[in-house]
Visitor: 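Structure incoming, see below.
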Amino acid sequence: MTIRPLVILPDPVLRRASDPVGPITAEIRTLVADMFETMYDAPGVGLAAIQIGVAKRVVTIDTSKEEGVRDAKVFINPEIIWSSEEMRVYDEGCLSIPEYYGEVERPDRVRVRFRDIDGNEQEIEAGGLLSTCIQHEIDHLNGVLFIDHLSKLKRDRVIKKFAKAAKRDAA
Ligand code: ZN
């Protein structure tokens with residue numbers, strides 16, 4: 001397993017829509033293992049493959065809060081098939097937008113259809129942090145970032161800040 005470098009705002013790669021995964025090959029299994037390694041190292045609760053530069057519809061999530069307990073979940077080709085009308089606000093962050101947080105309103109509960117690491121079709125209904133996290137990560141697969149859900153003013157400000165930092169690092 002390898003910790004892979006994270007793609008950081010304003011890298012245009014983050015705006016790319018990811019492609020569906022076909023058969024679960026050794027390459028996909030390695031990708032998933034590397035995503036968990038990268039996510040735990042960061043540390044973060046969720047990661048989409050595009051955040052390590054791979055445009056495949058793969059998401060890893062671990063929202064377990066207990067110290068030393070892991071609840072590694074992988075979602076391949078995830079799709080939201082139902083969302084609750086009830087909404088919920090959560091202060092979101094993103095490994096691709098380090099140390100920036102913003103309140104995003106999303107459906108409280110969602111039902112998600114996906115394939116597991118063995119290629120079997122699964123469905124789960126998620127609430128709480130898992131629900132927020134799945135919706136945030138599925139956005140990534142469509143080139144959408146959580147800052148797109150904030151006001152234009154806030155979004156422009158954070159993009160500008162990160163563009164400046166990228167320029168400084170490149171200099
Ligand atoms: Zn993110």
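Counting starts at 1 for both ligands and their atoms, following the listed order. Heavy-atom basis, side chains included; hydrogens, waters and symmetry copies ignored. Values in this document were obtained by computation on a predicted structure and should not be read as measured data.
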Visitor: Are Glu125 and Trp82 side-chain neighbours, meaning at least one heavy-atom pair lies under 4.5 Å?
Guide: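 Yes, close enough: below the 4.5 Å cut-off.
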Visitor: Heavy atoms only: give me the nearest Tyr100-Leu150 pair and the separation to one decimal.
Guide: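 Nearest pair, atom of Tyr100 first, then Leu150: OH-CD1, 3.7 Å.
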Visitor: Could you go through Phe146 and Asp139, starting from their C-alpha distance and side-chain angles, then the distance that decides it, and tell me whether this counts as side chain to side chain contact (heavy atoms under 4.5 Å, CB included)?
Guide: CA-CA 8 Å; Phe146 85 89; Asp139 270 358; over 6 Å; no
Visitor: What count do you get for protein N, O or S atoms closer to the Zn ion (ligand 1) than 2.8 Å?
Guide: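 Those protein atoms number 3 in total.
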Visitor: May I ask you to establish whether Arg70 and Tyr40 are in a cation-pi arrangement, using a distance under 6.0 Å from NZ or CZ to the six-membered ring centre and at most 45° from the ring axis?
Guide: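 The answer is yes, since Arg70 meets both limits relative to Tyr40.
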Visitor: For Asp11 and Leu14, indicate whether the former's side chain and the latter's backbone hold a donor-acceptor pair under 3.5 Å.
Guide: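 Not a single qualifying donor-acceptor pair exists.
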Visitor: When Ile, Leu, Val, Met, Phe, Trp and Tyr are grouped by side-chain heavy atoms lying under 4.5 Å apart, directly or through other members, which residues fall in the same group as Val144?
Guide: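 When side chains under 4.5 Å apart are linked, Val144 ends up in no cluster with other residues.
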